[in-house]
Amino acid sequence: MALSPLNQRRWRTFKANRRAYWSLILFSVLYVLSLGAELLANDKPLLVSYRGEIHMPFLKFYPETAFGGDFRTEAAYRDVEVQCLIKTGGLDACFDTPDDMIKAVDDGTFDAKTDGFQKGWMLWPPIPYSFNTINDVGGAAPSAPDGKHWLGTDDTARDVLARVIYGFRLSVSFGLIVSIATSVIGIIAGAIQGYFGGLTDLIMQRVIEIWGSTPMLYVIIIISAVWTMNFWLLVGLMVLFGWMGLVGLVRAEFLRARNFEYVRAAKALGVTDLVIIFRHVLPNATVATMAMMPFIITGTISSLTALDFLGFGLPASAPSLGEMTQQAKQNLQAPWLAFTAFGTFATMLSLLVFIFEGVRAALDPRKTFR
């Protein structure tokens, strides 16, 4: 679908801002990669070939019995015994230890095909650890970066790089979902207030003042004490208390524009209020709204990080930058935790700010029609 001439000019204006344009490309690449985090960092193989059949353990549950084992629980693919079963087609009993079997298969002294089975194999992701995988670091945790763990491990021996990938996806998704939901509610409320004015504006303004004085942190603390906090519960709470951020701005724009000649002409022609609000008046408030979007998104991500840092956000097992910052505070002897958390957080917020600066400039009529 081709863009309209106006949107084409806006895109050219945005593209002319090199910092915003390249920030958009870099951020999009990072976020798309994080959406496939299970393909980049996982403690389960992407593909397993066993007796000529292809399995995808990262998508489907396979018990150990599916590979010739004894247990009906999920196969522990990192265990030597399970790897031996897969590589030899279930013939690990031919050797004294699984290590001997794997060594024989790898160096070619044993060929599973001679026993009627096809030699199996496993395709692992680039980082063979998930965000909650407990690793054997051979010493005290947290451990420093090395060849196996490129950014080291945290105080429970979990791979930091894997947690960063999952944490980036979690933080950005949380920020985008909450920001979009709060913006939609805030724009609608502000539009109704500013367009109709009078008693409607008075009543809604008093409700917003009362609701805005409610301490959000105390409510979250109380709810976290009653229910186990999860992603969607926290999203709902943030939307419940964050939708008032754009109300005042949109209300002011509608109060200013509702008496313009084109609005009065539309009313005289019988255009409905809904059409006037969303088709004629709201586009004029877009620039002012987009000017606030960087602060809303970065503020939402910062709020999630702060809640996780204080222990009132997501569970400690969740891959959170705030939880990593808390670990950095508690483990001053492991500076890689602090550097990683700060670097990830600073890069993510900087890219978002640069992108929305370009979007705001592209939507500004003074620059678009210059």
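- In this structure a side-chain-to-backbone donor-acceptor pair under 3.5 Å is present from Asn135 to Ala157.
- Under the side-chain hydrogen bond (donor to acceptor under 3.5 Å, both in side chains) criterion, no residue pair touches residues 291-306, with sequence neighbours excluded.
- Residues Met122 and Leu47 form no side-chain contact, since every pair of their non-hydrogen atoms from C-beta on lies 4.5 Å or further apart.
- With contacts defined as side-chain heavy-atom distances shorter than 4.5 Å, the pair Leu352/Ile301 qualifies.
- Taking the six-membered ring wherever Trp is involved, the centroid distance between the rings of Phe260 and His280 does not fall below 6.0 Å.
- One N or O on the side chain of Tyr166 and one on the backbone of Ala41 form a donor-acceptor pair closer than 3.5 Å.
- Each of Ile187 and Val178 belongs to its own hydrophobic cluster when Ile, Leu, Val, Met, Phe, Trp and Tyr are linked at side-chain heavy-atom distances under 4.5 angstrom.
- When side chains are defined from C-beta on, Lys329 does not count as touching Thr325, because their heavy atoms never get closer than 4.5 Å.
- Between Asn132 and Ser317, every side-chain heavy-atom pair lies at or beyond the 4.5 Å cut-off.
- Under the rule for a salt bridge (Lys or Arg N to Asp or Glu O under 4.0 Å), the partners of Arg169 that lie at least two apart in sequence or sit in another chain are Glu38.
- Scanning all heavy atoms of the two residues, the minimum distance from Arg163 to Ala316 falls at NH2-O, 3.8 Å.
- Residues Trp22 and Phe354 have side chains not in contact (no heavy-atom distance under 4.5 Å, counting atoms from C-beta outward).
- Evaluation of the salt bridge (charged side-chain N to carboxylate O under 4.0 Å, His left out) test over residues 338-359, restricted to residues two or more places apart or in two chains, returns Arg19-Glu357.
- Remark: the backbone N or O of Gln333 is not paired with any side-chain donor or acceptor of Asn331 at under 3.5 angstrom.
- A donor-acceptor distance shorter than 3.5 angstrom exists from the side chain of Asp308 to the backbone of Leu314, with no hydrogens or angles considered.
- Taking the ring pair (Phe, Tyr, Trp, His ring centres under 6.0 Å) definition, one finds that Trp11 meets it with Phe14, sequence neighbours left out.
- Applying the 6.0 Å contact sphere to CZ of Phe61 captures more than 12 heavy atoms from other residues, nucleotides or ligands.
- Legend: side-chain hydrogen bond (donor to acceptor under 3.5 Å, both in side chains) pairs involving residues 184-211, not counting sequence neighbours, sorted by first then second residue: Gln193-Asp201, Gln193-Gln205, Tyr195-Asp273, Asp201-Arg251, Arg206-Glu209.
- In the displayed structure, Phe339 atom CZ is contacted under 6.0 Å by at most 12 heavy atoms of other residues, nucleotides or ligands.
- You'll find the side chain of Phe342 stays beyond 4.5 Å of the side chain of Leu321, heavy atoms only.
- The side-chain hydrogen bond (donor to acceptor under 3.5 Å, both in side chains) contacts involving residues 342-356 comprise nothing, where partners must be two or more places apart or lie in separate chains.
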>> Show, in sequence, the C-alpha distance, side-chain angles and deciding distance for Arg256 and Glu253, and conclude whether the salt bridge (charged side-chain N to carboxylate O under 4.0 Å, His left out) test is met.
In response: CA-CA 5 Å; Arg256 182 178 65 88; Glu253 291 291 329; 2.9 Å; yes

> What do the steps show when you test Leu237 against Met216 for side chain to side chain contact (heavy atoms under 4.5 Å, CB included), and what is the final call?
Replying inline: CA-CA 8 Å; Leu237 292 174; Met216 180 184 68; over 6 Å; no

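- Atom CG of Asn259 has more than 12 heavy atoms from other residues, nucleotides or ligands within 6.0 Å.
- Here the side chains of Tyr50 and Tyr62 are not in contact, with every heavy-atom distance at 4.5 Å or above.
- Contact check for Arg78 versus Tyr129: side-chain heavy atoms found under the 4.5 Å cut-off.
- A donor-acceptor pair under 3.5 Å is absent between the side-chain atoms of Glu323 and the main chain of Ala318, judged by distance alone.
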> Given Ile192 and Met204, is the side chain to side chain contact (heavy atoms under 4.5 Å, CB included) satisfied, shown in steps?
Replying inline: CA-CA 9 Å; Ile192 294 174; Met204 292 186 65; 3.9 Å; yes

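- With respect to Glu74 and Lys60, no salt bridge is recorded, no charged nitrogen being found less than 4.0 Å from a carboxylate O.
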